[in-house]
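Chain letters run A, B, ... following the sequence lines, proteins first and then strands; every chain starts at 1.
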Amino acid sequence: MTEKRIRVRFAPSPTGPLHIGGVRTALYNYLFAKHYGGTFILRIEDTDQARYVEGAEEYIMNSLEWAGIKVDEGLREGGPFAPYRQSDRTEIYHHYSDELISRGDAYYAFDTPEELDRLRKESESRGETFNYGCITRMSMCNSLTLTAEEVNARLAANEHYVIRYRMPENEEIGFSDMIRGDMVVNSSTLDDKVLYKSDGMPTYHLANIVDDHLMEISHVIRGEEWLPSLPLHVMLYRSFGWEAPLFAHLPLLLKPTGKGKLSKRDGDKMGFPVFPLYWPYGETATGYREEGYFPEAFVNMLALLGWNPGTEQEIFSMEELIEAFSIDRVGKSGSRFDPEKAKWFNTRYFQMKSDDELVALFMPVVNEKGFKPSPVTLGRMISLVKERAAFVKDLWHETDFFFVAPESYDPEVVRKRWNADSPLQMKELLDVVAGAESFTSENLEKAVKEWIAGSPYNTGTILNLFRLLMVGASRGPHLFDIIELTGRDETLRRLENGIRRLSPSLS
RNA sequence: GGUCCAUUCGUCUAGUGGUUAGGACGUCAGGUUUUCAUCCUGGUAACAGGGGUUCGAUUCCCCUAUGGACUACCA
């Protein structure tokens, strides 16, 4: 297998934002190529003019870039087989459809869409499916049933036509898939697929085979939805006399719950993104990037959805994925997408980030809130709360009390902890804190605990109240660390304010 | 309806003709912690069903069920 140069392609249609299933397909192609030192190609399959969406090409390239999937040959990168956009290659396909016709493996068909529609409806009413193939083609309007003169006349008159593949009758087509093994299909169950459309564009089937051949693709790794057309593609290669690449059909990504494949609606309903990046056009949609996922976590999560290394390792850098990836460890059945596990991956990557990296990411958020801490100060705050967060955006909720005095006090905690003795206790505490010689976490803790030891109070009572007045709630890291970073003046102010606000009758 | 593909804890999955069927996420229970979270420990939970083949099947074969894809001049 490694004799041949490994060349794979990711070939999306620019019909909208790429969804995470598509990113996974791209990722598997990329990992496979890089594992063997091969080439990863991005080819845009835009032969359907009607479904073309402005901005989709950009979106696809930006998504791959964000995910760290580097394209070797493609629209932006160029390459020896350019152009890499099918709409820029139309003349090429024409040549090959002509070749198929001259070989007798394809034919012109003049049937109108209305006529085909009528036949489909008719079949449907009998509970059948109309099949333009070996049993019906001879009763249709095409170059098999028309005389050569008629055909030439119609072509000369510029009449609309399509070119169909002439699927052989009753032939066992054997083919093989790297994930699913060997399969056999009888050609009589297949239809005469349109290869060339009346608008002068090839269909996916033709363009795909021609380009994969011309671009010297060695392995086609694509979604399972293409498995039913694999026999057709195999036949096409045979008709052209070309050696077919090896195929691998990836199982689909399924909804987290319920039936069917993952869709945009699931994301909306269950509150997780199904797209890598924000999609600003038409119906807008948020992306993993905007939700605060790290691209490394996103990629790691996708890689493990349908593939596993056969070991118990779960955290992989891109380099490790490249090293470990192999097609035969890709599963056969569809995988339900689990948003919880996606979060877990991000948590793991978040915890691996250095304080400095997190400062750089979090500083803009803090600035946005109107605060300008030094990087050192912010770094100390982050190091205190880091383990409690999974996303950069969580950090504000974990550090807000460093910047802002409590505006209210959690009623639940007040009810449970604040009683008639509390104001006096807090006043005494205030004096202790005010008298502390050096305002460090360690010293403060020592001073406060010594005072408590010599008083009738118990530690839990005092410290919980102290926290309540500092934070406004029962949350946050080590209390004395909070106090040190908050500073003497602000700490005393919060104590005074708290006593006054919680005991209006006593003040 | 037809063609093809698939089926191990709730989820992602490992695994073998003879295993206490392993891990992770989730969940539950303890522990640590002055709070919350983290963290640690432990528990819960699976071979879709029925026939074969076999001394023995979760593993191999067949059938059924269920799920999925495709069935366009879309990809």
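Among the atoms of the strands shown, only primed sugar atoms or phosphate atoms (P, OP1, OP2) are found under 4.0 Å from some heavy atom of A/V194. Residue A/T459 is classed as having no contact, given no heavy-atom separation below 4.0 Å to the nucleic acid. Residue A/D192 is out of contact with every strand shown, counting any heavy-atom pair closer than 4.0 Å. Counting any heavy atom pair closer than 4.0 Å across all strands shown, A/G223 reaches no nucleic acid atom. The residue A/E128 sits apart from the nucleic acid: no heavy atom pair falls under 4.0 Å. Across all strands shown, A/T257 has no heavy atoms under 4.0 Å from either base or sugar-phosphate atoms. Counting non-hydrogen atoms under 4.0 angstrom, A/M201 reaches nothing in the nucleic acid. Looking at heavy-atom distances under 4.0 Å, A/L479 makes contact with a base. Counting non-hydrogen atoms under 4.0 angstrom, A/G260 reaches the backbone sugars and phosphates but no base. The residue A/R180 sits close only to the backbone: its heavy atoms come under 4.0 Å of sugar-phosphate atoms, none of a base. Within 4.0 Å (heavy atoms only), A/P477 reaches at least one base atom of the nucleic acid. No engagement by A/K343 is indicated, since no non-hydrogen atom pair under 4.0 Å with the nucleic acid exists. Across all strands shown, A/K386 has no heavy atoms under 4.0 Å from either base or sugar-phosphate atoms.
A 3.5 Å limit on both hydrogen-bonding distances identifies B/rG2 as the Watson-Crick or G-U partner of B/rC70. When Watson-Crick and G-U wobble pairs are counted only if both distances are under 3.5 Å, B/rA45 pairs with no nucleotide at all. Remark: B/rU20 base-pairs with no nucleotide in the shown strands. Criterion, Watson-Crick or G-U wobble with two distances under 3.5 Å. Nucleotide B/rC25: paired with B/rG10 (Watson-Crick or G-U wobble, both distances less than 3.5 Å). Under the Watson-Crick or G-U wobble criterion, with both distances below 3.5 Å, B/rC39 is paired with B/rG31. Nucleotide B/rA75 has no partner under the Watson-Crick or G-U criteria, as no pair reaches both atom distances under 3.5 Å.
At a threshold of 4.5 Å between non-hydrogen side-chain atoms, the residues A/R494 and A/T491 do not count as touching. Two residues are said to be in side-chain contact when any heavy atoms from C-beta on lie closer than 4.5 Å; A/F337 and A/I20 meet this criterion.
The side chain of A/E225 has B/rA75 as its nearest neighbour among B/rC12, B/rA75, B/rC5. Picking from B/rC4, B/rA75, B/rG68 the nucleotide with the shortest atom distance to the side chain of A/W226 gives B/rA75. Nearest to the side chain of A/S333, among B/rA6, B/rC73, B/rC4, sits B/rA6. Listed candidates were B/rC73, B/rG22, B/rU71. Nearest to the side chain of A/K193 is B/rU71. Side-chain proximity of A/P113 to the nucleotides B/rG67, B/rA37, B/rC73 is greatest for B/rC73. Here B/rG26 is the nucleotide among B/rA69, B/rG26, B/rU13 with the atom lying nearest to any side-chain atom of A/E340. The side chain of A/K197 approaches B/rC73 more closely than any other nucleotide in the set B/rG1, B/rC73, B/rG15. The side chain of A/N464 has B/rU34 as its nearest neighbour among B/rU34, B/rC12, B/rA75. In the set B/rC73, B/rA24, B/rU34, the nucleotide with an atom closest to the side chain of A/W344 is B/rA24. Relative to the side chain of A/E387, the nucleotides B/rC25, B/rC5, B/rA37 differ in distance, and B/rA37 lies closest.
When ring centroids are compared, A/F403 and A/W396 come within the 6.0 Å threshold. Residues A/W307 and A/Y28 keep their aromatic ring centres 6.0 Å or farther apart. Ring pair A/Y108/A/Y161: centre-to-centre distance below 6.0 Å. Less than 6.0 angstrom separates the ring centroid of A/Y204 from the ring centroid of A/W226.
A close approach under 4.0 Å does not occur between any side-chain nitrogen or oxygen of A/S13 and OP1 or OP2 of B/rC74. Here A/S335 reaches the OP1 or OP2 of B/rU13: one of its side-chain N or O atoms lies under 4.0 Å away. Between A/K341 and B/rC12 there is no side-chain N or O to OP1 or OP2 distance below 4.0 Å. Contact between the side-chain N/O atoms of A/N308 and the OP1/OP2 oxygens of B/rU13 is not found at any separation under 4.0 Å. Checking the phosphate oxygens (OP1, OP2) of B/rG15, a side-chain nitrogen or oxygen of A/R329 falls inside 4.0 Å.
Regarding A/L206, its CG atom lies at a distance of 14 Å from the C1' atom of B/rA75, rounded to whole Å. Between the CE atom of A/M167 and the C1' atom of B/rU3 there is a distance of 12 Å, rounded to whole Å. Between the P atom of B/rA72 and the CG atom of A/D191 lies a distance of 7 Å, rounded to the nearest Å. Going from atom CZ of A/F130 over to atom C1' of B/rG1 covers 16 Å, rounded to whole Å. Here the C1' atom of nucleotide B/rU13 and the CG atom of A/N300 are 15 Å apart, to the nearest Å. Taking atom CG of residue A/D177 and atom P of nucleotide B/rC5, one finds them 10 Å apart after rounding to whole Å. With rounding to whole Å, A/Y196 atom OH is found 13 Å from B/rC74 atom P.
Between A/H205 and A/H233, the ring planes lie tilted relative to each other; the angle falls in the 30° to 60° range.
Comparing the C1' positions of B/rG68 and B/rC73 gives a spacing of 27 Å, expressed to the nearest Å.
A donor N or O paired with an acceptor N or O is found under 3.5 Å between the base of B/rC74 and the side-chain atoms of A/R51. On a pure distance criterion of 3.5 Å, no polar donor-acceptor pair joins the side chain of A/T189 and the base of B/rG2. One N or O donor and one acceptor, one from the side chain of A/H478 and one from the base of B/rU34, sit under 3.5 Å apart.
If A/T203 and A/R24 are placed on RNA chain B by their nearest nucleotide, the residue sitting closer to the 5' end is A/R24. Across the interface with RNA chain B, nearest-nucleotide mapping of A/G127 and A/L254 shows A/G127 to be the residue nearer the 5′ end.
A donor-acceptor pair shorter than 3.5 Å cannot be found between the side chains of A/N346 and A/Y288. Checked by atom type, the side-chain pair A/D111/A/N142 shows no donor-acceptor distance below 3.5 Å.
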